[in-house]
Amino acid sequence: MVAVKAETESMKKKELVHSPILTYFSVITLLSTCPPFVILLWYTMVHQDGSILNTFNYLKEHGIEGFVNIWPKPTAVAWKIIACYALFEAALQLWLPGKTVEGPVSPTGNKPVYKANGVLAYAVTLVTYISLWWFGIFNPTVVYDHLGEIYSALIFGSLIFCVFLYIKGHLAPSSTDSGSSGNIIFDFYWGMELYPRIGKNFDIKVFTNCRFGMMSWAVLAVTYCIKQYETNGKVADSMLVNTVLMLVYITKFFWWEAGYWNTMDIAHDRAGFYICWGCLVWVPSIYTSPGMYLVNHPVNLGTQLAISILIAGILCIYINYDCDRQRQEFRRTNGKSLVWGKAPGKIVASYTTTKGETKTSLLLTSGWWGLSRHFHYVPEIMAAFFWTVPSLFNNFLPYFYFVFLTILLFDRAKRDDNRCRSKYGKYWKTYCTKVPYRIIPWIY
């Protein structure tokens, strides 16, 4: 219990990257504004020609009553679509075969075990979805036509799910990697449990983050493409570039899914509103928004420009993948792999666990990771730009995801640096001397 309490207090302190007042304000603001923003974004994209000014003028004229009127009520159709999709993905997560993979050792000494069947689940999902359309069994345009109702249902359903996670964290935690900060708002927002599960094998964060959130991104990308085809009789090259780049990125994600289980999202951030509501609602709405915009705003880029954007985007996705692969291979071989054909630069950093045990980690200081401490965020941000830029620049809103992602990753880099500084102490200081830039080489 002492170790759990110490780990809990340590975790919560690390979340307070900013001042306590600013942190409180940020958390309460996000809890209260994210749900209505999802509806406003959908309404603006679908009903106001993607124009923020049009939506502003509407709200200015009609006020709160106008906002209430545009918020779709969750319908039976929306709930059925969500339920069928969620049950299908949960079944694939549980029943598809996959290699057993261990996650990193947690602060309290637990080592989570996963079944790596993401690629197979991804392939089965897309083949099934496209086949249902191709053979006339289910038309994906139904999803688009009920999108507002689906988002509304997800908003309320996911809030209830987060309440369930909060209660479960108090009453029936799945492991010792759980605890309360003593603040109900922070516990709800940041979460109580690091590795919550239902039963022994159903990992909740793998479901919310990977199999619901990321998978819905791919499903909706295909949906938008089919909707444009059904409406116009063809798919514009702008939509093709957007869809292909998103699908390449998501394919990369599931190919590398076992590596994702070692990242901050899974290994450090707990299951609360921030992660779980974000993956259940924010990902299928905000992350897919450039494609949502292109449905009704097809742009003819021309072959040369379309191919140029496509190549640039794929290159960014590859670099992002190679950054993660390079570090993963470095860790797998205990620092003995070659990095860009040479022996890797590294720092052997020791740290003390909450149980008082001394352990060591290897910090990579060469290759992509010698350019900056979080260089992999640079190609990820640029990839988002390239799958958004086919919408051109008539409206700002398609670029909201790009702006949001930039802010998110810069904040995540700051939080990760603070966590590592606290964990590694003098070794992190030495690491920062060798790799002085946080994200953008020679700039920041």
Side-chain angles (χ1 to χ4, degrees), residues 14 98-119 177 194-195 203 205-206 209-210 252-269 317-355 357-380 409 412-413 415-435 437-439 441:
K14 290 170 192 175
K99 180 182 176 183
T100 299
V101 175
E102 291 184 339
V105 178
S106 73
T108 60
N110 297 313
K111 183 176 285 190
V113 177
Y114 305 99
K115 182 163 63 172
N117 57 9
V119 173
D177 290 295
L194 187 59
Y195 297 118
D203 189 282
K205 281 170 71 178
V206 170
N209 296 27
C210 306
K252 183 273 300 183
F253 172 85
F254 282 109
W255 182 263
W256 173 76
E257 186 183 43
Y260 174 70
W261 295 332
N262 292 277
T263 67
M264 197 169 186
D265 284 357
I266 300 295
H268 302 289
D269 288 335
I317 294 168
Y318 171 76
I319 294 174
N320 175 252
Y321 164 77
D322 196 53
C323 290
D324 292 323
R325 181 207 59 79
Q326 191 175 80
R327 183 172 61 179
Q328 194 171 3
E329 186 67 11
F330 170 77
R331 288 172 173 172
R332 187 187 68 81
T333 61
N334 199 29
K336 296 178 182 179
S337 62
L338 295 179
V339 174
W340 290 354
K342 301 178 182 178
K346 60 187 177 184
I347 293 173
V348 181
S350 64
Y351 64 95
T352 304
T353 69
T354 56
K355 292 183 177 180
E357 299 172 342
T358 300
K359 295 183 178 294
T360 60
S361 291
L362 296 179
L363 306 179
L364 179 59
T365 63
S366 59
W368 298 116
W369 300 92
L371 299 177
S372 67
R373 299 192 293 276
H374 305 277
F375 179 77
H376 58 316
Y377 291 160
V378 176
E380 184 162 357
L409 295 182
R412 182 176 293 177
R415 289 198 297 124
D416 197 34
D417 274 14
N418 277 271
R419 182 185 63 81
C420 290
R421 185 179 299 110
S422 175
K423 179 178 180 180
Y424 296 119
K426 64 180 181 180
Y427 300 103
W428 186 254
K429 187 175 181 179
T430 302
Y431 175 64
C432 290
T433 301
K434 288 193 173 185
V435 187
Y437 300 102
R438 181 175 286 168
I439 298 176

Excluding sequence neighbours, so at least two apart, what forms side chain to side chain contact (heavy atoms under 4.5 Å, CB included) with T333?
E329, K336, S337
Heavy-atom pair with the smallest gap, counting every atom of K205 and D265:
NZ-O, 3.1 Å
What residues form a side-chain hydrogen bond (donor to acceptor under 3.5 Å, both in side chains) with E380, not counting sequence neighbours?
Y249
Applying side-chain hydrogen bond (donor to acceptor under 3.5 Å, both in side chains), can you list everything that pairs with W256, at least two apart in sequence or on another chain?
Q328
Can you name the residues that form a side-chain hydrogen bond (donor to acceptor under 3.5 Å, both in side chains) with S350, not counting sequence neighbours?
Y427
With sequence neighbours left out, the residues meeting side-chain hydrogen bond (donor to acceptor under 3.5 Å, both in side chains) with N262 are none
What side-chain donor-acceptor pairs closer than 3.5 Å can you find for residues 361-371, not counting sequence neighbours?
unit_1, atom_1, unit_2, atom_2, d
S361, OG, Y424, OH, 3.3
T365, OG1, G345, O, 3.1
T365, OG1, K346, N, 3.3
S366, OG, G345, N, 2.9
W368, NE1, D322, OD2, 2.8
W369, NE1, C323, O, 2.9

What residues form a side chain to side chain contact (heavy atoms under 4.5 Å, CB included) with K426, not counting sequence neighbours?
none
V113: what forms a side chain to side chain contact (heavy atoms under 4.5 Å, CB included) with it, not counting sequence neighbours?
T100, E102
Please enumerate all residues that pass ring pair (Phe, Tyr, Trp, His ring centres under 6.0 Å) together with F330, with sequence neighbours excluded.
none
Which residues pass the ring pair (Phe, Tyr, Trp, His ring centres under 6.0 Å) test with Y195, sequence neighbours left out?
none
Salt bridge (charged side-chain N to carboxylate O under 4.0 Å, His left out) partners for D417, two or more places apart
R373, R438
Could you go through W261 and D203, starting from their C-alpha distance and side-chain angles, then the distance that decides it, and tell me whether this counts as side-chain contact (heavy atoms from CB on, under 4.5 Å)?
CA-CA 11 Å; W261 295 332; D203 189 282; over 6 Å; no
Can you name the side chain to side chain contact (heavy atoms under 4.5 Å, CB included) partners of K429, sequence neighbours left out?
none
